[in-house]
Structures are given as C-alpha cells and as structure tokens.
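I have placed the structure first, in the form of structure tokens, so that the comments after it can refer back to it.
Basis for what follows: all heavy atoms, side chains included, without hydrogens, waters or symmetry-related copies. Below, chain A is the first sequence line, B the second, and so on; all start at residue 1.
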Amino acid sequence: MASIITRRDTLRLTVAGLAAAALPGSAGAQVPKADVPPPKLPIENGASLRILRPARFVEPDEVIFRANTAKFQQTTGVETRVDFVGWEDIRQQTAVASNTGAGPDIVIGWADDPHVYTDKVVELSDLAEYLGKRYGGWSFLGEKYGKRDKTNNWIGIPFGGTTGPVVYRKSAVKEAGFNKIPNEHTEFLKLCQGLKKNNKPAGFALGNAVGDGNGFAQWLIWSHGGALLDEAGKVAINSKETVAALTYLKDLYPTFLSGTLSWGDPSNNRAYASGECWLTANGVSLYFALKNDPAQRAIAEDTDHQALPFGVIGKAPQTATMLNAMLFKHSKYPNAAKAYLQFMMESEQYDPWLTGCLGYWSHTLRAYGKSAVWDSDPKLEVYRNGTDHQFWSGYKGPITQASQTVAAEYILVQMCASVASGEATPQEAAREAERRSRRYFRG
Amino acid sequence: MTSPAHTLVQAPVAPAVPGWSAKTPQPSWLVALFDWKPFLVFVCLLPAVGLLLAFLTYPLGLGIWLAFTDTTVGRDGQWVGLENFEYLFGDKLFWQAVFYSVFYTGTATVGKFGLGLWLALLLNNHLPFKSILRAVILLPWIVPTVLSAIAFWWIYDPQFSIISYVFVDVLGWRTTYFDFLGSAWPARWSLIAANIWRGIPFVAISLLAGLQTIPASLYEAALIDGATGWQRFRYITFPLLLPILAIVMTFSIIFTFTDFQLVYAITRGGPVNSTHLLATLAFQRGIPGGMLGEGAAIAISMVPFLVFATLFSYFALARRKWQQGESND
C-alpha cells in the first residue's frame with residue numbers, strides 16, 4: 001500500500017529542508033505564487049526585534065525556525081531574537097507583554113490571543129492581504145482567527161495549525177468488520193463495540209486534558225449539531241442536540257478502555273503506543289513517534305488517519321490549535337516586525353519549515369497545499385487541509401476571551417465526563433454547563 | 001533609660017589625678033537617639049520589615065484588592081464589591097473544593113502525625129546506622145514535590161501502575177487493574193496517600209528533635225514508680241512534646257491546605273473537579289481561565305481557614321504558661 005518513509009528518508013527531508021532554507025530561490029519551488037507587489041515597509045534604522053513563540057514539539061520546528069530567522073537578520077541587518085516558551089506559559093507571557101506595554105515585539109501565540117488584546121495589537125491587513133493574494137488565499141480558520149470578528153481587519157497572521165483526526169489501527173478496525181471509520185453515529189458505535197469485544201478498545205481523553213479532552217468533547221457536541229454559542233454569542237449549550245450527544249456518550253463510553261476519566265494529554269499517546277488503545281484522536285506527532293522508533297515500527301505501519309466522524313452535520317467536526325502571530329502596538333519597529341512576518345511566510349522560508357516539521361503544522365495559506373511534505377506520505381493526507389475545518393473554539397459565536405476560559409475550565413469536557421461516570425443525567429449536565437458558561441459570557 | 005546612669009550623684013571626692021573630674025561627657029544627640037530603645041528597635045527591624053512589606057504585603061494587598069474586582073487577564077477591572085464572593089457562595093464547585101481542602105488537610109494531617117510520631121518514637125531509640133537512617137528518612141521531603149508527583153502519577157496510572165502490575169500480573173490476586181484516579185473517591189484517597197508519604201519526614205524529624213529534649217531522668221523516675229510504656233507516653237512524652245507539636249502542626253496544616261503541586265501534577269483537579277483544592281481551583285480559574293478577579297477571590301477565601309487553624313493550634317495546644325513566656329509551671 002503506502003510506502004513507509006524510513007528514518008533515513010525523514011532525515012533526508014529535514015536536511016533538504018535545512019539546505020533549502022539556506023539556498024535562496026530553490027526552496028518552495030513547487031509552491032505556486034502569484035506575482036503581487038509586496039506592501040511598502042521601509043525598515044527603521046537600527047531596528048531590533050524580539051519574538052516569542054511556543055516551544056517546539058518536534059525538533060526540526062525549532063532548528064528551521066531559527067535558521068530562517070538568522071537568514072532574515074543576514075538579509076536585512078535587523079537584529080532578531082526568538083525565544084521559545086513552554087506551551088502552558090505563553091498565554092501568560094502574552095498577557096504580561098500586553099498589559100505592561102513592554103517586552104517582545106511579536107508574539108506567535110495561541111489562536112484567540114489577538115482577539116483578547118484587540119486594542120493592543122497593530123492592524124496587519126496590508127500584510128495579510130498581500131500574502132493571501134500571493135499564495136492562493138487564506139484557509140477558513142486562517143481568516144477566522146486572523147480577522148477581527150465581523151470585520152475585514154486583520155489583527156493576527158495565523159502561522160499554522162495542528163489538528164487531531166482519528167488515529168486507528170487498520171487491523172483492529174478490519175477485524176471489527178469495517179474498512180474505514182464510519183461517519184454515522186450508530187455505525188461508529190457499532191465499530192467501537194466490535195473493537196471492545198475483540199479486546200482492542202478505543203479510548204478518548206475525558207480528564208482535564210487541554211488538547212485531547214476539549215477535542216473529544218467538541219467533536220461529540222458538534223457532530224450532533226450542538227454548539228456552545230449561537231451566532232449572536234449567547235450560550236446555547238443547553239439544547240436537545242447536546243442532550244442527544246450526551247445520551248449517545250452513555251452508550252459509547254462503556255466501549256472505551258478503562259481509566260479515560262483520568263487521562264491527561266499524553267495518556268492516549270502512551271496507551272496507543274503500548275498497544276492498549278487501538279483507536280483514538282491525536283495530532284500527527286503520535287504517528288511520527290511510532291515511525292521513528294524501530295521497536296514500534298509495526299504499529300506505525302498498521303496505523304492510519306481519518307477525519308473525525310461527521311455525525312449529522314456532513315463535515316468533519318474538528319478544529320485546529322492555531323499559532324497566531326500578533327504585533328504589539330508598543331513595538332518601536334513595526335515596519336521591521338511586519339517585514340519579519342512577511343519574510344517568514346514567504347515560500348523560501350515557510351516551505352522548508354513546513355516540510356521539516358513533517359506535517360506537524362498544517363499551513364494557513366492555500367498554495368502550500370502543493371508543498372512536498374503532503375505528498376511524502378499518503379497517511380498525512382488528512383492533515384493537508386487541517387486549517388480548513390469549519391469549526392473553532394466558541395463555535396458558532398465570536399472568538400473572545402470567554403471561549404478561551406470555557407476551554408481552560410474544561411466545562412465541556414466535564415459535562416461529558418459527569419455523564420460518562422454516571423454522576424449526572426444528560427439534562428443535568430447540560431444545565432450545569434450552561435450555568436457555568438453563562439458566568440463567563442455575561443456583560 | 002540610660003540617662004539615669006549619667007545623672008548618678010557622686011560624692012565629691014578629691015581626685016587622685018589633678019585635672020580629672022568625675023563628670024562623664026554628655027553624649028551627642030545622635031548617640032542618645034541610638035541608645036533610645038524604641039528607635040533602636042525600629043532601625044534594627046527596618047530591613048527585615050521593609051523586605052516583608054515590599055515582597056509580601058504588596059502582593060497580598062493586591063490579591064485582596066483583585067478579589068473585589070472583575071479583572072481578567074486581558075484587561076483591567078473595576079471594583080465590583082462582593083460580587084465574586086456572591087457567585088462563589090452559590091457555586092457548587094467552590095464548595096466542593098472547600099470540602100475537599102478541609103477533608104484533605106484533616107485526613108492527611110491525622111495520617112502524617114500518627115505515622116510521624118510513631119516513626120519519631122522508633123528513631124529515638126538506639127538503632128544501628130542511626131544517622132544514616134535519619135538522613136534517609138528525610139528524602140521524601142527533600143525531593144521536589146513535582147518529581148514525586150510525577151512518580152505517583154505513574155504509580156496511579158490506569159494502564160501502567162506498578163501496584164496493578166504486582167497485584168494482577170505477578171501475584172494474580174485481581175483480574176482488573178486498579179483505577180486509582182478514574183473516579184472521585186479513589187482519586188481523593190490516592191492523593192491523600194501521596195501527601196502523607198511526602199509529609200511524614202517533616203513531622204518525624206521535628207518531633208524527634210522534640211523528643212530528644214525530654215530528659216531521660218523523667219523516664220527513669222517513672223520506671224521506678226512502675227509506669228507502663230503507655231503511661232510513660234501519656235504522662236511524660238506527650239505533654240512535653242505538645243509545644244513542638246503545636247508548632248509543627250501549624251506549619252503542616254498551612255502547607256497541606258495550600259498544597260498545589262501534588263494535586264495539579266497528578267490529576268489537575270479532576271476527575272470532574274472532585275480533587276480540586278482551593279489553590280488549584282484558584283489557579284485554574286485565574287490564569288488559564290483568565291478570570292483573575294474570581295481566582296483571587298477563591299485564594300482569599302483560604303485565609304479564614306488558615307487563621308482559624310493557626311489560632312486553634314496556638315491556643316489549644318500551647319496551654320502551658322511557660323510556653324507563653326512566663327515562669328515555669
């Protein structure tokens with residue numbers, strides 16, 4: 001079937017990415033670009049930039065990013081420094097930078113942040129429109145997170161996103177009588193029941209897990225047609241769709257591996273890699289960790305990815321964790337900063353980074369769909385359009401600080417967990433989620 | 001206070017050395033100032049109190065002020081009075097955190113002191129390798145909390161627990177793995193066990209120090225009078241240990257009540273909020289959740305409990321007059 005990339009190939013791709021980053025012009029050659037004049041950004045004299053971004057999840061992410069930054073410094077003479085900060089800390093550091101009016105010029109932070117600090121960031125519409133015209137337009141989530149709600153003003157440059165489709169063992173699914181993951185709820189339940197019967201159960205995080213817990217809870221609600229907010233931004237979680245979703249969970253949960261109520265983010269990775277869990281949802285890092293470990297190569301060969309089951313809505317109910325770059329008003333060199341962002345998004349720099357990360361980050365500019373990385377392994381196909389999913393945290397309402405709080409407080413996750421553990425009925429759980437969410441969406 | 005010394009009346013005496021007079025020179029105003037006790041006290045305390053004011057009082061004051069506002073991480077807040085507290089009063093989650101904080105502190109303290117006192121009594125005897133044993137006993141306390149929390153996370157893991165492995169795969173006493181952290185009460189007890197493990201050394205070593213101050217002659221006198229082991233403990237050891245016990249208990253209760261690392265690293269407050277302490281709930285609401293005002297309100301609501309615990313330890317356990325600075329009784 002698919003040709004498996006060996007470790008040698010992976011290294012080769014990374015080295016190619018690095019080499020391409022060093023050679024001007026040859027990198028990103030197959031990414032189609034339109035000839036559009038860039039915005040006039042005369043770089044200030046004596047400019048220096050400080051950039052903050054989340055720590056790497058895969059090593060090439062940091063190596064290539066730093067190489068690109070060094071190239072920028074060489075080409076323009078602007079002294080640039082990039083700091084890599086822990087994932088759980090960067091939100092707080094962004095808050096400090098914005099509230100004190102000092103610190104880094106650019107923060108490549110998490111998706112909602114420019115929407116929280118709208119008044120403290122510089123408008124980036126000229127840069128964003130240039131990039132959009134040149135590279136085939138922005139993806140759905142790129143526009144959603146980049147533009148200020150209900151306007152055409154760009155307050156962030158979405159850099160990339162990571163998404164969490166189904167990761168499953170082909171042999172187990174086949175044994176349960178299915179060729180691929182079914183999209184209908186009843187069929188999906190039958191698949192999970194079959195897996196459980198063959199002692200190869202599925203498992204999704206229902207504990208306080210920032211990424212996987214929220215991902216599963218959101219899938220459950222969205223696939224049944226429910227949502228946290230309506231278009232006007234009012235709390236709409238207590239609906240019959242939500243109750244239907246939670247009732248479905250009562251049948252689905254017994255098919256899971258035991259202990260998922262206490263699973264954190266790494267738990268499903270561990271369980272899958274050790275062969276205890278045979279179907280879960282995760283980013284591509286799981287697949288690559290297995291591929292690069294000779295002891296687990298067999299599991300990687302047996303693994304495949306598929307978008308989360310559509311349920312009743314006809315499209316994949318998943319979102320992406322987005323990297324969103326914002327430029328603070330307190331920066332002394334806004335033109336240099338914009339030039340930096342433009343430089344990093346140009347194909348000579350961006351494509352090697354995308355390729356070197358082996359598909360961990362999905363692009364936000366549509367032209368990068370033609371990048372070499374997506375053709376390198378057919379199993380990455382589901383990650384190619386990762387940021388084109390039509391859902392976001394706080395769907396269907398606008399993106400605000402409050403939707404961030406709901407995720408951080410695990411309101412949706414706990415609604416599901418309380419029903420799964422039998423502590424609450426679906427109606428009670430939906431009511432409680434509504435009560436808690438209302439608190440954050442008031443005023 | 002020193003001036004009387006300078007005005008001591010002396011009988012005029014013919015000086016042995018001509019030109020010498022009995023009068024001592026009057027001190028300059030600066031010297032007199034420094035000799036004046038209140039001022040001296042003030043100046044000596046100034047560096048320490050200054051540091052405390054700057055680094056403790058300001059954050060504490062800011063925290064208290066934040067509790068009465070609706071500040072979020074993204075923007076400044078306005079004064080809202082008791083609104084945060086009113087909401088918390090009606091919030092089921094908050095009361096659950098209060099319940100678990102009190103339960104956690106109470107049970108863990110009883111466990112720590114029971115086992116710690118027993119360990120101290122054992123270590124008080126002559127043992128081979130006494131010094132090494134006493135040093136080793138201290139290890140759980142010294143190891144950074146987060147490290148031991150991660151170790152316990154592995155021990156309590158639903159799939160990879162060593163305890164489950166031993167019981168199921170090695171001994172065959174059970175068929176299914178333990179689910180330590182998957183439901184409310186098992187998770188609560190598991191965390192209490194981890195806390196007791198961590199806290200025993202502190203109690204044991206402190207009580208051991210206290211035990212060593214009890215003079216052996218008292219025990220000898222008791223033995224001569226025919227006292228049993230239990231009577232010796234009840235009438236000699238325990239009363240004389242009470243002052244140390246009061247101090248150690250105060251510290252232990254404060255550390256346990258405000259514990260954050262253990263719970264956060266192992267369960268993050270789950271499953272379904274059953275193991276949230278006030279500290280972890282305040283953090284979760286305030287920092288990742290962005291609601292600084294509400295987080296501060298939860299944190300401030302810890303203060304009454306801590307004050308009560310301190311006062312209780314102080315008044316109930318330190319009853320002897322000589323512990324309060326008066327003459328021996």
Side-chain angles (χ1 to χ4, degrees), chain A residues 88-89 91-92 94-96 98-99 112-113 115-120 203 206-210 213 257-265 267 270-271 274 276-277 400-402 404-411 413-424 429 432 435-436 439-440 442-443, chain B residues 70-78 80 83-84 87-88 90-94 150 153-154 156-161 164 176-187 190 263-276 280-281 283-292 294-295:
Chain A
E88 303 216 345
D89 292 330
R91 199 150 247 162
Q92 284 79 278
T94 315
V96 169
S98 99
N99 284 330
D112 324 42
D113 286 344
H115 297 262
V116 176
Y117 309 116
T118 335
D119 305 320
K120 304 246 170 69
L206 277 167
N208 287 359
V210 170
L257 188 53
S258 76
T260 51
L261 278 176
S262 63
W263 273 14
D265 271 314
S267 307
R270 286 192 307 184
S274 70
E276 304 257 346
C277 174
T400 57
Q401 160 108 57
Q404 197 189 94
T405 310
V406 168
E409 280 276 295
Y410 306 109
I411 292 181
V413 182
Q414 284 164 2
M415 177 178 73
C416 298
S418 62
V419 170
S421 66
E423 256 176 54
E432 174 69 4
R435 180 193 76 92
R436 289 177 66 188
R439 165 94 176 143
Y440 303 119
R442 77 203 198 289
Chain B
D70 63 353
T71 317
T72 66
V73 161
R75 56 164 180 77
D76 292 329
Q78 297 142 335
V80 293
E83 205 235 327
N84 285 327
Y87 173 74
L88 289 175
D91 184 12
K92 196 176 66 155
L93 265 173
F94 172 73
I150 292 179
W153 183 52
W154 275 99
Y156 290 145
D157 188 272
Q159 273 84 40
F160 300 106
S161 162
S164 297
T176 56
Y177 279 19
F178 288 106
D179 190 12
F180 287 106
L181 303 175
S183 27
W185 279 105
S190 306
V263 172
Y264 188 76
I266 299 181
T267 61
R268 291 253 192 313
V272 202
N273 294 321
S274 54
T275 57
H276 256 309
T280 52
L281 189 65
F283 174 77
Q284 185 185 281
R285 289 261 168 99
I287 309 289
M291 317 283 297
L292 274 178
E294 203 172 302

Who wins among [options] for the most heavy-atom pairs under 4.5 Å with chain B?
{"options": "A:Leu257, A:Val406, A:Val413, A:Thr405", "result": "A:Thr405"}
{"options": "A:Arg270, A:Arg91, A:Gln404", "result": "A:Arg270"}
{"options": "A:Arg435, A:Gln92, A:Met415", "result": "A:Arg435"}

Over all heavy atoms of both residues, which pair between [X] and [Y] is shortest? Give the atoms and the distance, please.
{"X": "B:Pro271", "Y": "A:Leu261", "answer": "CB-O, 3.7 Å"}
{"X": "A:Ser258", "Y": "B:Pro158", "answer": "O-CB, 4.0 Å"}
{"X": "A:Ala271", "Y": "B:Gln159", "answer": "CB-OE1, 4.4 Å"}

Item checked: Ring-face cation of A:Arg439 near B:Tyr87 (centre distance under 6.0 Å, axis angle within 45°) ->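 Judged by the rule, A:Arg439 and B:Tyr87 form a cation-pi pair.
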
Item checked: Top contributor to chain A contacts, counting heavy-atom pairs under 4.5 Å, from B:Ile287, B:Ile266, B:Asp157 ->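 Ranked by heavy-atom pairs under 4.5 Å with chain A, first place is B:Asp157.
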
Notebook entry, point to check: Most heavy-atom pairs under 4.5 angstrom with chain A, which of B:Asp179, B:Thr267, B:Asp91, B:Thr176?
Noted result: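 It is B:Asp91.
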
Check: Which bit of A:Ser274 is near chain B, if near means a heavy-atom gap under 4.5 Å: side chain, backbone, both or neither?
Finding: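 Contact with chain B is through the side chain of A:Ser274 alone.
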
Check: Is it the side chain or the backbone of B:Tyr156 that comes within 4.5 Å of chain A heavy atoms, both, or neither?
Finding: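 Neither part.
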
Next item on the list: Let me see the working for B:Arg268 and A:Glu409 under salt bridge (charged side-chain N to carboxylate O under 4.0 Å, His left out), right down to the final yes or no.
Entry: CA-CA 11 Å; B:Arg268 291 253 192 313; A:Glu409 280 276 295; over 6 Å; no

Checklist line | Spacing of CG belonging to B:Leu93 relative to CD belonging to A:Gln414, to within rounding of 0.5 Å | finding: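 Rounded to the nearest 0.5 Å, the CG-CD separation comes to 7.0 Å.
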
